[in-house]
Amino acid sequence: MVRKITKRLPVPSFLKQRKTTKKPGQAPGTLHFTGEQRLDHVLMNLYDYDAEQLSEHDLSKIEDSKPYLDSPSKTWINVCGLHDIEKLKEIWQYFELHPLIQEDILNTNQRSKIEEYPDHMFFVLRMMSFSEDTGVLNVEQVSIVLSSNSVLSFQEDDFPIYEPVLHRLRSGAPRLRNHGPDYLAYALIDTIVDHYFKVLEKLGDEIEDLENEILQESDEDIPQKIHALRRKLIFFRRSVWPMRDSLNSLLREESPLIDEENKVFFRDVYDHLVQIIDGVENYRDMALGMLDMHMSQVSNKMNEVMKVLTIIATIFIPLTFIAGIYGMNFEYMPELSVPWAYPAVWGIMIVAAVVMLFYFRKKKWL
Amino acid sequence: MVRKITKRLPVPSFLKQRKTTKKPGQAPGTLHFTGEQRLDHVLMNLYDYDAEQLSEHDLSKIEDSKPYLDSPSKTWINVCGLHDIEKLKEIWQYFELHPLIQEDILNTNQRSKIEEYPDHMFFVLRMMSFSEDTGVLNVEQVSIVLSSNSVLSFQEDDFPIYEPVLHRLRSGAPRLRNHGPDYLAYALIDTIVDHYFKVLEKLGDEIEDLENEILQESDEDIPQKIHALRRKLIFFRRSVWPMRDSLNSLLREESPLIDEENKVFFRDVYDHLVQIIDGVENYRDMALGMLDMHMSQVSNKMNEVMKVLTIIATIFIPLTFIAGIYGMNFEYMPELSVPWAYPAVWGIMIVAAVVMLFYFRKKKWL
Amino acid sequence: MVRKITKRLPVPSFLKQRKTTKKPGQAPGTLHFTGEQRLDHVLMNLYDYDAEQLSEHDLSKIEDSKPYLDSPSKTWINVCGLHDIEKLKEIWQYFELHPLIQEDILNTNQRSKIEEYPDHMFFVLRMMSFSEDTGVLNVEQVSIVLSSNSVLSFQEDDFPIYEPVLHRLRSGAPRLRNHGPDYLAYALIDTIVDHYFKVLEKLGDEIEDLENEILQESDEDIPQKIHALRRKLIFFRRSVWPMRDSLNSLLREESPLIDEENKVFFRDVYDHLVQIIDGVENYRDMALGMLDMHMSQVSNKMNEVMKVLTIIATIFIPLTFIAGIYGMNFEYMPELSVPWAYPAVWGIMIVAAVVMLFYFRKKKWL
Amino acid sequence: MVRKITKRLPVPSFLKQRKTTKKPGQAPGTLHFTGEQRLDHVLMNLYDYDAEQLSEHDLSKIEDSKPYLDSPSKTWINVCGLHDIEKLKEIWQYFELHPLIQEDILNTNQRSKIEEYPDHMFFVLRMMSFSEDTGVLNVEQVSIVLSSNSVLSFQEDDFPIYEPVLHRLRSGAPRLRNHGPDYLAYALIDTIVDHYFKVLEKLGDEIEDLENEILQESDEDIPQKIHALRRKLIFFRRSVWPMRDSLNSLLREESPLIDEENKVFFRDVYDHLVQIIDGVENYRDMALGMLDMHMSQVSNKMNEVMKVLTIIATIFIPLTFIAGIYGMNFEYMPELSVPWAYPAVWGIMIVAAVVMLFYFRKKKWL
Amino acid sequence: MVRKITKRLPVPSFLKQRKTTKKPGQAPGTLHFTGEQRLDHVLMNLYDYDAEQLSEHDLSKIEDSKPYLDSPSKTWINVCGLHDIEKLKEIWQYFELHPLIQEDILNTNQRSKIEEYPDHMFFVLRMMSFSEDTGVLNVEQVSIVLSSNSVLSFQEDDFPIYEPVLHRLRSGAPRLRNHGPDYLAYALIDTIVDHYFKVLEKLGDEIEDLENEILQESDEDIPQKIHALRRKLIFFRRSVWPMRDSLNSLLREESPLIDEENKVFFRDVYDHLVQIIDGVENYRDMALGMLDMHMSQVSNKMNEVMKVLTIIATIFIPLTFIAGIYGMNFEYMPELSVPWAYPAVWGIMIVAAVVMLFYFRKKKWL
């Protein structure tokens, strides 16, 4: 998003919804991957853990996960890469995911949401992370399927989003190890939401820069920059907002998949989202305010330009007229031969100019 | 809509509500077709199907549908053309439709809605499709009447909206064939909603084009174009928005005609509508933002024009005044006969001009 | 409303609320007629009907209605003229109307509403109809009191609002004749709402005219016209909006006076009101859009004017300065006696002008 | 409010909230009177009434009310003046008012509200009345405490707000005399709300005046006047709005102090408030519309001014240049000695001027 | 906030959310203090009280509080300074606070909220107080943990926020001493909310000053000042608003920690918050109104400037042209030798000027 907008303000990819998506009228669950291939092949990592142990495995076939899934320990399978539909289909059929879940995982322009199905809870989120060196915003869609004893997560890329969670798993963090897969799902979502704060911070920096530019009255494309900023805020808000509503209904409803005791953590994520949306709303208000400020600065400047022009023209145009009068070549102009006429004309001119200046001072134009 | 707006911005037909409609005070169910005749005669296609078989028939009389309706298999009758009220009346009376349903089918300026009647569920939608070659938007009103074992659908034209659904029926898609008529109704509605994404995409392209035009500071009728775009967005939003509300209450309420298990599909349609409305809201925000950007560009440009004028006038008007002074014909002007007066005047003028230029540079006008 | 606004934009009568109304602190039910007398004397028409028969009577005393009211047939009494409070009081006391109903019938600046009282349901609406020839909008307040076997309707004027309903009664329309007085109340309200569509259409025509005027860039008082239009839309919206809310709660609640089966008809009226409000909202959005468009047209035009001025002034002011230089009368100006000086000055001037013109072309001012 | 705003637009007293109020952290019920003393000493009037009789008394000590309060008849005590906290404290302790009620009565910047306490219902309202001759708006805070058999009302001044209610009491109005103290409370509140209509009317007149001023394109401080008007509307709206919400919850909830049968009267007050808020919203919309209209009038006028300047300058600047050319004093200017040169120059000038005029006409600047 | 904004409008610290906060993906309860260290070491004050006695102690170890906590008397521990996490951890573990409470106490960019945990009720607020002499706004985050028989409060600084409550405790205020710790929590929160009124008042003063500046048409950076004001209002509103929602749900729900009888006091705090938010909304409306007023003043002034320029230029440019004509040096200009030509030219000029002046008067430019 960021890298493109700075060039020529194209419609951000989020807004170009479902460009290459299924044709109207196809059956639900007709599978088309709407993103671009980012990996060579699909990667599957399985993590099997309980309070005592953690084992990690690279899966080549989904069937290999059977012993772990059948065991009482909790299982997390993270799948990277969404381009190989055949492979994914095997996974989904193995887990008996609803066709609409399948469609939503592949459609990478999905609105963030949480949906309950008989045996699964399905989360779709938009991961946004800043590459610290390049300043490029990396956006990818992330899906999480929560079952009674496993978590299945999908991402487009192999970007190590969940590294911190993995680190806590490995270091034996007791809460993560002891609680059920719902707590793991929470941990994954919380990691993603934490990244939003970084994006918000970045946007805050941009606003501050822009505000200073406006205060220093540089003219360089302020309207375009404000417009670009507003678009980014729209995009960011629309990515975060739907998650808030979904989490809210998750908190209000009972679900066998989410332990009542763990809801307090989901409530914490909800609070974070509210805080982020608050921040975005602030920034939108401020962007509008900056535009107002810029517009009235432009008006003020134009006013100042006009005053200079008016003062100069109003003083000199009448004087030039007087000079023009005595530049006429009539034979009979008695004033011309009066010796004190020339200084008298000068006197008149000076008086006129001084009167004008007083008038302008009274009008506060000077 | 599109084809007209580009010419002279007339009120889109949706807004010209019920122009040729019934007189105030007529009984409900008084039948008047408010659209224009698009077909020679009414076409009726019957599709009778169950898990095993599909049979297709062109009906000339509605009574011919009796054996299919009486059989346990599911029946779909698609009616094209709404101008022949007598013919339609026969159909409606045969199906015992409520007079208000009859009135709504004919009134092609209907607001999208879903209404429950004792034996029927009634859907009205606005179909919008783009003709790929001409870029013309084709708008027609579509009605669907869902009964316990049949679906009755009405359209103004014979545009093959439902072709993809038909294709799936013929190719024996198991979910479509096995589920009841409520699933068929879902499939029809989903097809129509899928078309909205295409329209949204088209509007997104228009916005992108317009944004680039504004960035390149072309003046060609930007305000008019933004106004036309905003009108299209208003029209589109008003077509989609009411559907969302209706679907929402459909999802919340229980109805004998809609299988609980199939509600997940209607929820998916609802999600799509929310996504579309989100997109339209984005575009409306962006259209406003573009107007702001354009307006401040115009201000900036005027500012620049004024600066040029002011610089030129402020430098040369005083100089011209000085030249005017020494163009006067007074007999006693001692300076005139001083040999170095002419170069001295030049010197004064140059100094004055340079001072001015420094002043303008300090003011950042240069 | 219309006829006045076009002259000098006075506050529409709706906004001049209760100008001549009761003094603060008077008892509820203190009766003051707030409109102007439009008829010589109060007219009372009684219609007594059931499925078999219809009898019509002009009443001179309200007591004459007794036999009809006591009979099992349904009775509709339409009262025209609200200026004769004594006469009206007799009617109200005869029907035992609540004092607040009495006050509301007389106060012709009432907000539209539906109120339930123990034995009555009370409807207040604003009738708006266009006189086709004069284009004048006729506004009057209409009240309907529904009892278990009768309908009592009040209007300020003897304008034949209910003619179409009467026509259906007389021609024996079965639904109207068979259903109870709630259906009659529906029919009366529906007639009034149908008139709103006509008003909406008229406003749509005005918008279209105004839009074309703006597109043809005529300056004739566009801001005033848009302002007048917005006021009309505000007025219209405020007249229709409260009715929607009242109907909505009528639909949600149970009342012994409204048959469940007839609610579908009230729902239809509700849908019509929603559609009308939708249309008004559209028009308000469009009016705002037209103002934006007009404002940026004005800016664009001013920009163009400024460019012409700047081009002319910027080319000729320096040239005039040069001419002024050689119009000075210094004795020692060596250039004056050089033979090729005059054509050389012309050359300089032409070059200067051409350079300017190139500069303006580069700036896209030409 | 009114009298001040017209001078220098200070913050209305409502907005200067609690300027001289208690220090942060003091106990609730710490008593400070936040208004200004308006009376010499506190006045207490007691009215004891039932269906048969009414007796009026000036109380000097609150204990004197005991026989009336103990009797089955209803008792209304109106207290004028809030500056003597000791005296008021006696009253409150006698009636055992909750400390928060005591604090709210004294804090004259209270938001309007209705609050239920175990034995009391507490109403705070803002009384606004126009002095007909001076046009000054008189604002004071009014509190009403409803108990099971008495009403206690407090006002800052001895302005006879409740005169009309008293008049009805004295003249034996049956409803007022027969119903309980809840009806009396209604009557008092209704009187206050009736005054709001007068204020609304006055604001409507101001809007109309302002609109006419704008239409006649007088420039006298229109923006300031619109701003002052908007501030008054904000103030008025904020005074009325909270009352609406409070009444709404009063209507929805059951209270032993309010008779179900009398709720219809409170509903009527509620309706009046909704109508007033409607009106204020209208006026706010209209004030915004007037600002838009004024702004575009200013733009239009500036455009017109610019056109005049441009036409004059564009015609005469080139002509003056030509005259300047032949005013040069070169020795070798062959044209000067050509006899027809002078008329030829005139011809050129006239042609140039005519061409310009045609150009301006084509551009519709003339 | 205030001290910074007046310099260069940086993003207020609230908006720079969680700049130095935990890395994405860390476990909840991972403790990082996000503020700056304001004290040398953590201070702990214990107040143990019941109706009869109050004892005060400086704690060095949290374990020292055991006897007081075990006694039936109520205990309040106020902790100042949040930088020493180890120390704080001891406290929290002693009280068995939930990890999310711990995280929220340390994160000083918290949104105000009230959260229920099994054994605690947790309040986070933003304390804002004005230093009377410097005019600097002091912002710190304050947390309150309410248990069944104790209150634990945390603040960043040792600013004596709760001095007034302490004073009341010491002076034996009966309500405070007799009620449970919920009443103490109320008293603490009420103190903080009372400070908001002071801030609101200060903002009101600023608005009044700014309004007067605008009315006196000083140009000094009005847009920047309005922008800074709007930012402060945004910040203030966002600090207060979430508290309102939290209190509202606190009032609606039952909690074992809050006595039903004391809810009336929390309702009072809620009312105060609503009043403050009302005030802020007013101020936001007024800030927008001031911007509108300023913008149209600028337009009006520019209009006036343009008129002066146009009048002068339009009168003198044609006259200068005439003078230029007779300054030409053609040999054959018959007028030049006519004796009355010079006064005739004067006459023509005067007539032209007078005609112009009449024209301008007619146009109301003079």
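What you are looking at is a predicted structure, and each value in this text was computed from that prediction instead of being measured. Chain letters run A, B, ... following the sequence lines, proteins first and then strands; every chain starts at 1.
Considering CG of N282(B) and CZ of R237(A), their distance stands at 9.0 Å, rounded to 0.5 Å. The distance from atom CG of L215(B) to atom CG of D221(A), rounded to the nearest 0.5 Å, is 8.5 Å. In this structure, CD1 on I312(A) lies 13.5 Å from CZ on F316(B), to the nearest 0.5 angstrom. Taken from CD in E304(A) to NZ in K363(B), the straight-line distance is 3.5 Å, to the nearest 0.5 Å. Interatomic distance, NZ of K113(A) versus CG of D271(B), reported as 4.0 Å (0.5 Å rounding). Atom-to-atom distance recorded for N300(A):CG and N303(B):CG is 10.5 Å, nearest 0.5 angstrom.
The part of E335(B) that comes within reach of chain A is its side chain, from C-beta onward, which places non-hydrogen atoms under 4.5 angstrom from that chain. Residue E281(B) touches chain A through both its backbone and its side chain, counting heavy-atom pairs closer than 4.5 Å. Heavy atoms of Y196(B) lying under 4.5 Å from chain A are absent altogether. The part of L291(A) that comes within reach of chain B is its side chain, from C-beta onward, which places non-hydrogen atoms under 4.5 angstrom from that chain. With a 4.5 angstrom heavy-atom cutoff, V345(A) touches chain B only via side-chain atoms. Only the backbone of E116(A) comes within contact range of chain B, judged by heavy atoms closer than 4.5 Å.
Among the candidates A313(B), P318(B), S129(B), the residue making the largest number of heavy-atom pairs closer than 4.5 Å to chain A is P318(B). For the options P118(A), G324(A), A323(A), heavy-atom pairs under 4.5 Å to chain B are most numerous at A323(A). With respect to chain A, the highest number of heavy-atom pairs below 4.5 Å among M333(B), Q297(B), H167(B), M290(B) belongs to M333(B). Interface summary for chain B: among F321(A), W346(A), W340(A), the most heavy-atom pairs under 4.5 angstrom belong to W346(A). Taking chain B as the reference chain and counting heavy-atom pairs below 4.5 Å, the highest number among G327(A), A287(A), P242(A) is found for G327(A).
M302(A) and S299(B) make their closest contact through CE-O, 3.5 Å (heavy atoms, listed as atom of the first residue, atom of the second, distance). In terms of heavy atoms, V305(A) sits closest to M306(B) at CG1-O, 3.8 Å. In plain terms, the two heavy atoms of Y332(B) and S337(A) that are nearest each other are CE1-O, 3.0 Å.
In this structure, V308(A) and W365(B) have side chains that are in contact, with non-hydrogen atoms separated by less than 4.5 Å. By the 4.5 Å heavy-atom criterion applied to side chains, N329(B) and M328(A) are not counted as neighbours. By the 4.5 Å heavy-atom criterion applied to side chains, R175(B) and P99(A) are counted as neighbours. The shortest side-chain heavy-atom distance between R111(A) and V274(B) falls under the 4.5 Å cut-off.
For the pair D278(B) (side chain) and R238(A) (backbone), a donor-acceptor distance under 3.5 Å is absent. In this structure, E115(A) contributes its side chain and D268(B) its backbone to no donor-acceptor pair below 3.5 Å.
Taking the six-membered ring for Trp and thresholds of 30 and 60 degrees, F330(B) and Y342(A) have ring planes inclined between 30 and 60 degrees apart.
Cation-pi geometry between R267(B) and Y117(A) is met: the NZ or CZ atom falls under 6.0 Å from the ring centre, inside 45° of the normal.
Comment: R230(A) engages D292(B) in a salt bridge, judged by a side-chain N to carboxylate O separation of less than 4.0 angstrom.
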